Amino acid sequence: MYKIKDISPEELAKITKIPAAGLLVMVPSGEFLLTKRVSNAKYFGGYWSVPSGEVNSKDLESMEECARREFMEETTFQIPLDVKLYCFDRYFSEDRIFFLFVYKANKKMFIKIDEEHDSFGWFSKERLPAPIT
């Protein structure tokens, strides 16, 4: 894992692809949290994924702020603000740029998923659910 510079609001305003961010939460056992989108979701309906969503660019939200906000909206759990998140990777598709952030939690937390999801679980890389984004 490595740190990379988060994109600034000014740089974000210049991106022509839709910026989005997600947050992968890992615990010491190596398991991580995934949520399952409802089947009629706008994107990836019925797929398992990290809590994620589009950046609120009109408020010049940073990529890290987006990842934190989306995680809170989708799980009702707020990542402590004094904890720095690490951008693990960036992904590009035809119309999106996606930033994946990582948070190492000390233990599994209680979450309550929103109406965009119908399930959640803790998984190891050897036991991934399907289908997955």
Side-chain angles (χ1 to χ4, degrees):
M1 191 173 357
Y2 55 93
K3 268 192 202 183
I4 63 171
K5 179 181 169 287
D6 194 14
I7 191 166
S8 71
E10 293 77 23
E11 291 170 312
L12 178 60
K14 296 176 188 174
I15 293 176
T16 57
K17 294 177 182 264
I18 299 168
L23 185 56
L24 179 69
V25 173
M26 297 181 70
V27 292
S29 67
E31 293 176 300
F32 47 90
L33 178 70
L34 295 175
T35 54
K36 185 178 177 200
R37 297 180 184 273
V38 293
S39 59
N40 63 345
K42 184 176 177 181
Y43 297 105
F44 296 107
Y47 279 70
W48 289 89
S49 66
V50 297
S52 59
E54 294 180 4
V55 167
N56 182 348
S57 55
K58 80 174 183 187
D59 291 339
L60 293 179
E61 180 178 55
S62 75
M63 301 309 289
E64 182 176 332
E65 289 168 336
C66 173
R68 287 176 183 275
R69 177 184 52 77
E70 286 289 342
F71 192 84
M72 169 72 150
E73 288 176 5
E74 295 181 13
T75 68
T76 69
F77 186 89
Q78 184 168 7
I79 303 298
L81 292 174
D82 63 339
V83 173
K84 173 70 176 151
L85 301 180
Y86 295 92
C87 188
F88 182 70
D89 212 345
R90 298 182 202 188
Y91 302 91
F92 295 86
S93 67
E94 197 169 296
D95 65 341
R96 293 196 180 280
I97 177 173
F98 185 83
F99 290 70
L100 179 62
F101 288 85
V102 175
Y103 169 61
K104 288 187 173 183
N106 294 328
K107 62 183 179 179
K108 294 177 184 176
M109 72 270 294
F110 174 79
I111 68 163
K112 182 181 173 193
I113 52 176
D114 67 358
E115 66 283 345
E116 294 177 18
H117 301 84
D118 57 20
S119 191
F120 74 92
W122 294 89
F123 301 93
S124 67
K125 64 181 181 179
E126 295 81 24
R127 193 182 62 86
L128 293 174
I132 191 169
T133 60

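Only a predicted model underlies this, so the values are computations on that prediction, with no experimental measurement involved. Sequence positions, counted from 1, serve as the residue numbers for this chain.
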Arg69/Glu73 salt bridge by N-O under 4.0 Å criterion: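 Yes, charged N to carboxylate O under 4.0 Å.
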Using 4.0 Å as the upper bound for N to carboxylate O, is an ion pair formed by Lys84 and Glu64? yes
Show every donor-acceptor pair shorter than 3.5 Å between a side-chain atom in residues 120-133 and any protein atom, with sequence neighbours excluded, or say none if there are none.
{"residue": "Ser124", "atom": "OG", "partner": "Glu126", "partner atom": "N", "Å": "3.4"}
{"residue": "Ser124", "atom": "OG", "partner": "Glu126", "partner atom": "OE1", "Å": "3.4"}
{"residue": "Ser124", "atom": "OG", "partner": "Arg127", "partner atom": "N", "Å": "3.3"}
{"residue": "Arg127", "atom": "NH2", "partner": "Trp122", "partner atom": "O", "Å": "3.0"}
{"residue": "Thr133", "atom": "OG1", "partner": "Trp48", "partner atom": "O", "Å": "3.4"}

Got a second to check how far [X]'s [atom1] is from [Y]'s [atom2], nearest 0.5 Å?
| X | Y | atom1 | atom2 | result |
| --- | --- | --- | --- | --- |
| Glu54 | Lys42 | CD | NZ | 6.0 Å |
| Thr75 | Glu70 | OG1 | CD | 10.5 Å |
| Phe77 | Leu23 | CZ | CG | 10.5 Å |
| Glu74 | His117 | CD | NE2 | 4.0 Å |
| Lys36 | Ile113 | NZ | CD1 | 10.0 Å |
| Leu34 | Leu24 | CG | CG | 7.0 Å |

Ile79/Phe71 under side-chain contact (heavy atoms from CB on, under 4.5 Å): CA gap, chis, key distance, verdict: CA-CA 8 Å; Ile79 303 298; Phe71 192 84; 4.0 Å; yes
So, for [X] and [Y], which heavy atoms are closest and what is the spacing to 0.1 Å?
| X | Y | answer |
| --- | --- | --- |
| Glu61 | Asn56 | OE1-N, 2.8 Å |
| Arg96 | Ile18 | NH1-CG2, 3.1 Å |
| Met26 | Gly30 | CE-O, 4.3 Å |
| Pro28 | Ala105 | CD-O, 3.2 Å |
| Gly22 | Ala67 | O-CB, 3.8 Å |

Within the structure provided, determine whether [X] and [Y] are in side-chain contact (heavy-atom separation under 4.5 Å).
| X | Y | result |
| --- | --- | --- |
| Val25 | Met109 | yes |
| Glu116 | Thr35 | no |
| Arg37 | Tyr43 | no |
| Ser52 | Phe101 | no |

Sequence neighbours excluded, every pair satisfying salt bridge (Lys or Arg N to Asp or Glu O under 4.0 Å) that has a member inside residues 23-35: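 Listed once each, the pairs are Glu31-Lys108.
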Can you list everything that forms a ring-ring contact (aromatic ring centres under 6.0 Å, His included) with Phe44? Sequence neighbours excluded, please. Tyr47
Are Val50 and Phe110 in one and the same hydrophobic cluster, where Ile, Leu, Val, Met, Phe, Trp and Tyr link if side-chain heavy atoms are under 4.5 Å apart?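 No, Val50 does not connect to Phe110 through the hydrophobic network.
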Is it possible for you to say whether Met72 and Val55 belong to one hydrophobic cluster, with membership spreading through side-chain heavy-atom contacts below 4.5 Å?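 No: no chain of side-chain contacts under 4.5 Å links Met72 to Val55.
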